[in-house]
Amino acid sequence: MTDPVPFPPAGDQPGGYDPAAVEEKWQARWRAEGTNAPDLEHGARPYYALMMFPYPSAEGLHVGNLFAFTGNDIHGRFQRLQGHTVFEPFGFDAFGIHSENYAIKVGIHPGELIPRNIDNFRRQVQRTGLMVDWRHELSTTDPSYYKWTQWVFLQLYKRGLAYKKKAAVNWCPFDKTVLANEQVVGGACERCGTVVEQRFLEQWFFRITDYAGRLLANLDTLDWSDTTKTAQRNWIGKSEGAEIAFVVQDVMEFAGSATATAGLSGEVAVTPTEIRVFTTRADTIFGATYLVLAPEHPLVDSITTDEQRDEVQDYVAGAARQDLVTRKTTRDKTGVFTGAYATNPGTGMPIPIWIADYVLMEYGTGAIMAVPGHDERDHEFAKIYDLPIVRVVAGATPGADGRIEDAAFTDVDGCRLVNSGRFNGLSISEGKAAIVTELASHKAAIPVVNYRLHDWCISRQRYWGPPIPIVYCDACGVVPVPEDQLPVVLPELEDFRPDDSGVSPLARSEAWYHTACPSCGKPARRETDVSDTFLDSAWYFLRYPSSDRDDVPFDAALTKRWLPVHSYIGGNEHAVLHLLYSRFVTMVLHDAGFIEFEEPFTRFRAHGMIVRDGAKMSKSKGNVVNPDDYISEWGADAFRTYLMFLGPYEEGGDFRDKGISGAKRFLDRLWRSVHDARRDGDVDVEVRRKLHQTIRKVGEDIPKLSYNTAIAAMMEYMNSMRSGERKPRVDEVRPLVQLVSPFAPHIAEELWSILGNEVSVFDSGWPTYDPALLVESTVTMAVQVNGKTRGTIVVAKDVTQDDAVAAAMAEPGVAKFVTGAVKKVIFVPGRMLNLVI
RNA sequence: GCCCGGGUGGUGGAAUCGGUAGACACAGCGGACUCAAAAUCCGCCAGCACGAGAGUGCUAUACGAGUUCGAGUCUCGUCCCGGGUACCA
């Protein structure tokens, strides 16, 4: 112990903890001394502690944001105390529909609104005391940032991964824009709840599906929580199956015309039409009693018979008129018979070909073989249209399967094929393999892997985003803007409102979109769509360390030094999209040779959600927590500590106003403990042991994000250190100040300096514990009789079984239950003893 | 419907290689200090029954079975709550 200053400090009154003064003082000092600005070029053991950057709303920081940021800050500060150089940057995801809609609502241009909101956010974040390196702040709306977002687009374009196609898109009639599939929730717009319609527009897409296999396989290498990985796996939706060709029987045969009756058969020399279906259950092919095509299927017209033509055309037209919502949410099955038949390659029998909208053109081949016996949807359809239902799979127990006419039998485990010719008796997986092999030998099947994942539509017919850097020239066609002409600056438009023309507001500025073709110099036209916000956020983590560089998107040396991100923390609502897009863009940049790694986030953890008094916070309920009010009343340190204490970080918890007082009391007691601390006096071995146990516990809990139990452990230690009228020793409080510092950084700095230290507590290192001091010489063991706890014994920690039994029998409370001979003794050294009689 | 989480005192939550359920905190109750209050400090605080009392017994981790010497923890079934997803063949 070396205390260079008199202690306790003269004139310092116990109980004089003034959070506002302490917090202001240290925030100023950190700023003045550059405490939170690491040396990115030379600092030892770099550690990149990243949190998801917020969208700067007009309402200001939400308590949920603060919960997220504080958890990351604690993790970062802890890593710093462990000797890492920690980089904790901050930025703003300020483009996008949120900002734009709000701007429309209040009638102020987003270009004016956003900087205001950012100032407010920055003020709030600084007030919370995060260890942010503000030199590297960024906003996605800054031309020096989105210049490189456009650059990212060009890299994808160069590699053939950006393409344009006319596609049925989700159109929100309220926001007047195209939505990605992911932005449609339950058939309605994610943002405004309006029911989405179907429209056809030319859109830019990224070929993320090319990366589906890698995006899936790499998940196994990542230190992410399983729930997040599972969500990504489900989203990618790999299914292994086969494409099987069904040959359409000659239309003439079924035309019912005079020529047909004149003896012409299916052997007429006509090129046979094939319908390819995708299935994961090739084993059930003998049960395929009909085929179904999606209404948009290209073969619909050519196979339909004249008798059925009117009905089919009506049905197809009706399906086209439907919006995507009705199509995808209506479960009542409808369909129409085409009049045509195909041959089931298993049974060799003709089966009818139907059209129904429960089959989707965009998945697989847009056609299925229907197996009503073993697929619920097909079963439902077959019942409605009275199509044959055949059992081709039977369960392990004969007769226990139920009637196949009543319900589809979808069990797989332990099941065997029946009614399947020479494949009878095979298991499901054997059947699949054997049938696909057999069909493949006739070129009638091929194993195929399908993904649920769709290509990423990045076009937005909106104003508030980075213009897509493409020029259309009558002579040269689609021309990418050369990199040295970036950024394509978003023009200032007085009227930035979207309309339902399906064209971006940028199309109103002729001066802007008229440009010279970069290739031939003739008059040309700019792309007027802007890109999806998710593209802005798909690469920002690469930009942070290099945010001051104007010549490159990210500096090679810095990137090598700081990435991939060591720890990423964010909300589970981004578990799928943001994380998947970021991984995709990173992989592409890796393949293009810009970076050495292909996964951006080594470790990811999702924080939980904060509710208030058991209910979700919302403006309409009026139960939103405004962090400013609480920080003013209790101080940032108490607020942070309470947020981390109210529940497990990864699960979130219930915010209750009264709960904060517990955190504040804890800090008050810490303050008094330092001021009361004595330098001499006897060492209390129990307190000392507790200290070492606490150092270990807190050091183990923080990396696990188990902040609530870390705080509980420190409270316990505080209680034992101060039990009764006891005044703690200086060497008892000093390490506690260090343990508390990640949670309550300002008070920790103040107390650390009061304890006579001149450097920041965050440069003091993490206290170590002595394993020898953790061990207690005696232990309290539970004694059970027939499994019920009947008493406890205090014995040496390495007590033998015989001695333990003897001690137990000496306990009256135990002995009275031992009514007969002890048949068996269960002895867990140091934990418990069970006497079985 | 399917896929993930989760169900523990008045409340938020501890405890999972199966081993004394309820740590820590909030609220509440009682006490010390005080003229009084606040603050602070000390004690009590799952339910039921018996007992004057110290205490003793029984029951308890959504519900029902099971495995085990022993289950909040593992297995099976059921019911609720939260989140995601939606005809993906």
Side-chain angles (χ1 to χ4, degrees), chain A residues 14-15 184-187 225-231 233-235 237-239 241 277-281 284 292 327-333 356-360 362-371 374-378 380-381 450-454 572-573 575-576 608-609 611 613-614 616 642 645-648 650-663 665-666 668-669 672 706 708-716 718-719 722-725 780-792 813 816 823-828 830-837:
Chain A
V184 181
V185 176
S225 56
D226 285 333
T227 52
T228 311
K229 288 197 207 180
T230 304
R233 284 194 190 102
N234 290 344
W235 191 264
K238 180 179 183 173
S239 53
V277 305
F278 175 73
T279 181
T280 56
R281 292 294 305 274
T284 61
V292 187
R327 170 78 178 269
K328 292 202 168 187
T329 54
T330 308
R331 307 205 72 94
D332 298 335
K333 297 206 167 27
D357 64 3
Y358 81 92
V359 173
L360 307 175
E362 62 267 26
Y363 185 77
T365 59
I368 61 155
M369 63 176 210
V371 185
H374 305 284
D375 181 281
E376 283 170 18
R377 297 154 301 183
D378 298 342
E380 195 186 329
F381 191 81
N450 260 320
Y451 295 95
R452 207 193 73 120
L453 185 70
H454 296 326
N572 235 336
E573 68 275 20
V576 175
M609 220 178 56
V611 297
D613 299 321
K616 214 172 191 169
Y642 174 61
F645 184 61
L646 58 67
E650 291 179 79
E651 286 166 37
D654 196 355
F655 188 97
R656 282 163 201 256
D657 285 12
K658 294 208 164 153
I660 307 178
S661 58
R665 264 177 221 155
F666 172 66
D668 282 338
R669 299 177 86 198
R672 283 198 300 274
S706 189
N708 55 335
T709 54
I711 293 168
M714 292 188 283
M715 286 173 166
E716 266 188 77
M718 175 83 80
N719 290 343
R722 294 177 58 86
S723 75
E725 297 292 301
T780 306
M781 282 177 59
V783 179
Q784 302 180 342
V785 178
N786 284 343
K788 280 195 199 296
T789 303
R790 296 302 184 180
T792 58
K816 75 180 185 193
K823 280 192 281 196
K824 192 175 170 189
V825 176
I826 315 282
F827 179 64
V828 184
R831 306 222 57 161
M832 54 76 63
L833 179 71
N834 189 8
L835 305 173
V836 185
I837 57 171

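In what follows, chains are A, B, ... by sequence order, proteins preceding strands, each numbered from 1.
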Shortest non-hydrogen separation from [X] to [Y] and the atoms involved:
X       : Y       : result
T228(A) : N572(A) : OG1-OD1, 4.0 Å
V277(A) : I368(A) : CG1-C, 3.5 Å
R669(A) : N719(A) : NH1-OD1, 2.7 Å
V292(A) : V359(A) : CG1-CG2, 3.6 Å
V828(A) : M781(A) : O-CE, 4.0 Å

In whole Å, what separates the [atom1] atom of [N] from that of [M]?
N      : M      : atom1 : result
G1(B)  : G66(B) : P     : 28 Å
C24(B) : A15(B) : C1'   : 12 Å
A23(B) : C45(B) : P     : 10 Å
A65(B) : C17(B) : C1'   : 26 Å
A21(B) : A46(B) : P     : 14 Å
G18(B) : U61(B) : C1'   : 15 Å
U56(B) : G7(B)  : P     : 32 Å
G22(B) : C41(B) : P     : 25 Å

Toss me the dot-bracket line for RNA chain B: Watson-Crick and G-U wobble, both under 3.5 Å, 5' to 3', using | for pairs to another strand and [ ] for crossers.
(((((((..(((......[....))).(((((.......))))).(((((....)))))..(((((..]....))))))))))))....

What are the atom names and distances for every N/O pair under 3.5 Å that joins the protein to nucleotides 2-4 of chain B?
{"unit_1": "C3(B)", "atom_1": "O2'", "unit_2": "N234(A)", "atom_2": "ND2", "d": "3.1"}

Of A713(A) and V836(A), the one whose nearest nucleotide on RNA chain B sits closer to the 5' end is A713(A)

By nearest nucleotide on RNA chain B, pick out whichever of T792(A) and E651(A) is the more 5' one.
E651(A)

Quick one: which protein N/O atoms are closer than 3.5 Å to N/O atoms of nucleotides 38-41 of chain B? Pair and distance per line, please.
{"unit_1": "U40(B)", "atom_1": "O3'", "unit_2": "R672(A)", "atom_2": "NH2", "d": "3.4"}
{"unit_1": "C41(B)", "atom_1": "OP1", "unit_2": "R669(A)", "atom_2": "NE", "d": "3.0"}
{"unit_1": "C41(B)", "atom_1": "O2'", "unit_2": "E725(A)", "atom_2": "OE2", "d": "3.2"}

For [X] and [N], what is the distance between atoms [atom1] and [atom2] respectively, to the nearest whole Å?
X       : N      : atom1 : atom2 : value
F666(A) : C26(B) : CZ    : C1'   : 16 Å
M714(A) : C24(B) : CE    : P     : 15 Å
E380(A) : G1(B)  : CD    : C1'   : 11 Å
L833(A) : C69(B) : CG    : P     : 16 Å
L453(A) : U85(B) : CG    : P     : 14 Å

Proximal nucleotide (of [options]) relative to the [X] side chain:
X       : options                : value
K824(A) : C69(B), C26(B), A89(B) : C69(B)
R790(A) : C87(B), C58(B), G19(B) : C58(B)
K658(A) : U85(B), A23(B), C26(B) : C26(B)
A712(A) : C24(B), C26(B), U20(B) : C24(B)
T709(A) : C69(B), A14(B), C26(B) : A14(B)
T280(A) : C69(B), C87(B), A89(B) : A89(B)
L360(A) : U85(B), C87(B), A21(B) : C87(B)

Under 4.0 Å, heavy atoms only, any strand: does [X] hit a base, just the sugar-phosphate, or nothing?
X       : value
R452(A) : base
Q784(A) : base
S239(A) : sugar-phosphate

Ignoring hydrogens and geometry beyond distance, is the side chain of K823(A) in donor-acceptor contact with the base of C69(B) at under 3.5 Å?
no

Just the atom pairs and distances: protein N or O near nucleotides 72-75 of chain B's N or O, under 3.5 Å.
none

How about F655(A) and Y642(A): are their ring centres within less than 6.0 Å of each other?
yes

Is a side-chain donor-acceptor pair under 3.5 Å present for T709(A) with S706(A)?
yes

Over 60° means perpendicular and under 30° means parallel, so classify the ring planes of Y358(A) and F381(A), tilted if in between.
tilted

Restricting both atoms to N or O, compile the protein contacts to nucleotides 9-13 of chain B shorter than 3.5 Å, with distance only.
{"unit_1": "U11(B)", "atom_1": "O2'", "unit_2": "R656(A)", "atom_2": "NH1", "d": "3.2"}
{"unit_1": "G12(B)", "atom_1": "O2'", "unit_2": "L646(A)", "atom_2": "O", "d": "2.8"}

Residues forming a side-chain hydrogen bond (donor to acceptor under 3.5 Å, both in side chains) with Y363(A), sequence neighbours excluded
S239(A)

